[in-house]
Amino acid sequence: MAQETYSPGLEGVIATITEISYLDVDHGQILVRGYDLIELARHLSYVPVAYLVIHGHLPNDEELAAFDQRLREDAVVPQEVYQLFQLMPKTTAVMDAQRTAISFLASYEDPAMLRTPTPENDIAMGTRLLARMPVITANAYRVLHDQPVVEPDPSLGFSENFLYMITGQKPDETARRIFDLTLTCYIEHEMPNSTFAARVIASTLSDLYGAVTGATASLKGPLHGGANEAVAHMLLDILEQGGADVAERYILDRLARKERIMGFGHRVYMKKYDPRAALMKDFIPELAKRHPQGEELYRIYQIVEETMHREKGLFPNADYPVGLIYYLLGIPIDLDTPIFLVARTAGLVAHVAEQHAHNRLFRPRVRYEGPRDLHPTQVTVH
Ligand code: COA
């Protein structure tokens with residue numbers, strides 16, 4: 001029998017071989033298809049990086065134009081999706097509405113395509129799903145809040161359209177650029193819980209929609225994507241309790257109660273700075289100036305960061321700056337994690353396609369610590 005190894009939470013376990021991305025913590029680099037994600041985010045917008053993640057190479061002009069066109073044309077969703085949102089209780093979390101809509105959209109695909117899990121089919125369906133993700137996300141929020149649906153505008157690019165559908169107004173260049181940068185930062189990140197969930201599902205030769213639906217449930221958790229919303233709530237809570245003057249005490253009190261501070265720490269980076277958090281932080285002052293509470297919130301942000309580093313040696317992860325950036329952009333907090341999912345869809349599509357290209361069913365074992373030798377005859381039924 002093979003040597004039995006157990007690593008709680010699969011920490012340090014190599015679960016697959018991939019050509020998509022790698023967190024090279026020693027070199028402070030997030031490798032994506034051979035490029036440094038931070039360099040990609042500095043020089044390119046979300047759409048060409050999404051092409052890179054999904055197709056494995058950066059697009060030439062023709063490929064980029066065709067991909068961009070697909071994302072614009074495929075964005076329109078069947079009207080039944082909006083009816084589905086209307087049927088939901090208003091208390092439904094946007095992420096749950098999003099998860100249900102992704103699953104629902106599978107019904108509109110060719111059943112033969114769904115039954116045939118080839119990388120080509122995954123990429124075709126996945127590109128269509130990526131095109132639709134901003135539409136279902138913004139409009140799930142809108143319908144649940146009794147706001148009118150905003151249909152996608154094919155004259156607008158991916159990020160601009162997304163912000164337009166969220167806020168109902170066409171964003172200015174600063175807002176578009178910084179929002180787009182956050183999407184690129186979120187696009188792909190090796191093997192987080194949601195990507196693993198997607199690959200586990202795909203490994204049964206189940207379809208892309210099922211895999212992304214499962215990944216959505218994973219990403220919702222506060223230890224994963226849900227942290228960005230928690231960050232926004234925390235910063236606003238500190239603002240309400242007295243602002244920058246009370247920020248340090250607020251964190252010390254929470255640490256003394258052994259509470260976790262959302263947006264800090266990371267299973268892989270551990271005590272190193274997440275390069276995405278460092279990049280995005282640089283854009284906060286520009287946005288802070290445009291918001292009435294922006295500068296105070298940024299001061300709180302810095303004090304919390306300093307306190308966490310001093311007290312716990314922990315640095316922010318990507319969710320920390322994003323929580324503040326989205327608030328300063330006027331995005332409802334309930335949309336923070338759903339937006340993360342929209343951005344990550346490109347990465348999930350790439351992983352499902354790669355899983356299907358070299359599939360091996362995930363099926364780990366357990367160390368059993370329950371009882372043995374019980375027999376049903378020992379139980380008395382009255
Ligand atoms: N706030 C306070 N303490 C934290 C912390 C946080 N955000 N993250 C880690 N720690 C502490 C733990 O209490 C523990 O301290 P101890 O050894 O004194 O008990 C130590 O750091 C190790 O934490 P552990 O839970 O073993 O690490 P992990 O790898 O399981 O956790 C996270 C990784 C991401 C789940 C964890 O850092 C966390 O809960 N962060 C907040 C949620 C978040 O931002 N998630 C987004 C991730 S991208």
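Owing to the predicted nature of the structure, the values given are computational and were not obtained by experimental measurement. Read the numbers this way: they start at 1 and go in the same order the structure lists the ligands and their atoms.
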Student: Considering only heavy atoms of L223, which atoms of ligand 1 have at least one such atom less than 4.0 Å away?
Tutor: 39 (O), 45 (N), 46 (C), 47 (C)
Student: Looking only at distance, does I261 have an N or O less than 3.5 Å from an N or O of ligand 1?
Tutor: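 Checking ligand 1 against I261, an N or O pair does fall under 3.5 Å apart.
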Student: May I ask you to check whether Y320 and F315 place their ring centers less than 6.0 Å from one another?
Tutor: no
Student: If I apply the N/O under 3.5 Å rule, does D319 come out as touching ligand 1?
Tutor: no
Student: Minimum distance, heavy atoms only, to atom 24 (P) of ligand 1: which one of R260, R267, E311 is it?
Tutor: R260
Student: Got a salt bridge between R177 and E286, using NZ or NE/NH1/NH2 to carboxylate O under 4.0 Å?
Tutor: yes
Student: What's the shortest distance from atom 40 (N) of ligand 1 to any protein heavy atom, and which residue and atom give it?
Tutor: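 For atom 40 (N) of ligand 1, the nearest protein heavy atom comes out as F264 O, 2.9 Å.
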Student: Do V322 and V231 come close enough that some side-chain heavy atom pair is under 4.5 Å?
Tutor: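 Result no, sub-4.5 Å side-chain heavy-atom pair not found.
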Student: May I ask whether H224 places a heavy atom under 4.0 Å from ligand 1?
Tutor: yes
Student: Does only the side chain of L314 get under 4.0 Å from ligand 1, or the backbone, or both, or neither? Count heavy atoms.
Tutor: side chain
Student: Which option wins on minimum heavy-atom distance to atom 15 (O) of ligand 1: R254, M308, K312?
Tutor: K312
Student: If we count only non-hydrogen protein atoms and require a distance under 4.0 Å, does atom 20 (C) of ligand 1 qualify as touching the protein?
Tutor: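 For atom 20 (C) of ligand 1 the answer is no, since every protein heavy atom stays at 4.0 Å or beyond.
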Student: Less than 4.0 Å from atom 7 (N) of ligand 1, is there any heavy atom belonging to the protein?
Tutor: yes
Student: For the 3.5 Å polar cut-off, considering only N or O atoms, please tell me whether L255 and ligand 1 meet it.
Tutor: no
Student: Please give me the minimum heavy-atom distance between V94 and T137, naming the atom from each residue.
Tutor: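 Here V94 and T137 meet closest at CG1-O, 4.0 Å.
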Student: How about atom 26 (O) of ligand 1: does it have a protein heavy atom within less than 4.0 Å?
Tutor: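 Answer no: nothing from the protein, no heavy atom, is under 4.0 Å.
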Student: List every atom of ligand 1 that sits less than 4.0 Å from any heavy atom of G265, numbering the atoms from 1 in the order shown and giving each element.
Tutor: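 Selected atoms, number and element: 34 (C), 37 (O).
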Student: So, regarding M262 and ligand 1 (criterion: nitrogen or oxygen to nitrogen or oxygen, under 3.5 Å), is there a contact or not?
Tutor: no
Student: If we only count N/O pairs under 3.5 Å, is A227 in contact with ligand 1?
Tutor: no
Student: Any idea how H291 and Y327 line up, ring-wise: parallel (<30°), tilted (30 to 60°), or perpendicular (>60°)?
Tutor: tilted
Student: Any chance the rings of H309 and F264 have centres within less than 6.0 Å?
Tutor: no
Student: Identify whether the distance between the nearest side-chain nitrogen and carboxylate oxygen of D172 and R176 falls below 4.0 Å.
Tutor: no
Student: May I ask you to test the S21-L31 pair for a side-chain heavy-atom distance under 4.5 Å?
Tutor: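 No, their side chains stay 4.5 Å or more apart.
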Student: Look only at the side chain of N139 and the backbone of V135, and say whether a donor-acceptor pair between them is shorter than 3.5 Å.
Tutor: yes
Student: Provide the full list of salt bridge (charged side-chain N to carboxylate O under 4.0 Å, His left out) pairs with a residue in residues 8-35, sequence neighbours left out, each pair given once.
Tutor: E11-R267
Student: Is the shortest distance from a heavy atom of E11 to ligand 1 less than 4.0 Å?
Tutor: no
Student: If you have a sec, work out which protein heavy atom is nearest atom 44 (O) of ligand 1 and how many Å separate them, to one decimal?
Tutor: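 Closest protein heavy atom to atom 44 (O) of ligand 1: G263 N, 2.8 Å.
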Student: Does the protein put a heavy atom under 4.0 Å from atom 38 (C) of ligand 1?
Tutor: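 Yes, there is a protein heavy atom closer to it than 4.0 Å.
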Student: Could you identify the single nearest non-hydrogen protein atom to atom 47 (C) of ligand 1 and state the distance to 0.1 Å?
Tutor: N317 ND2, 3.6 Å
Student: Please work out which of the three classes, parallel, tilted or perpendicular, describes the rings of H189 and H266, given edges at 30° and 60°.
Tutor: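 It falls in the perpendicular class, over 60°.
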Student: Indicate yes or no: at least one non-hydrogen side-chain atom of R142 is less than 4.5 angstrom from one of V150.
Tutor: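 When only atoms from C-beta onward are counted, V150 and R142 do touch, with a gap below 4.5 Å.
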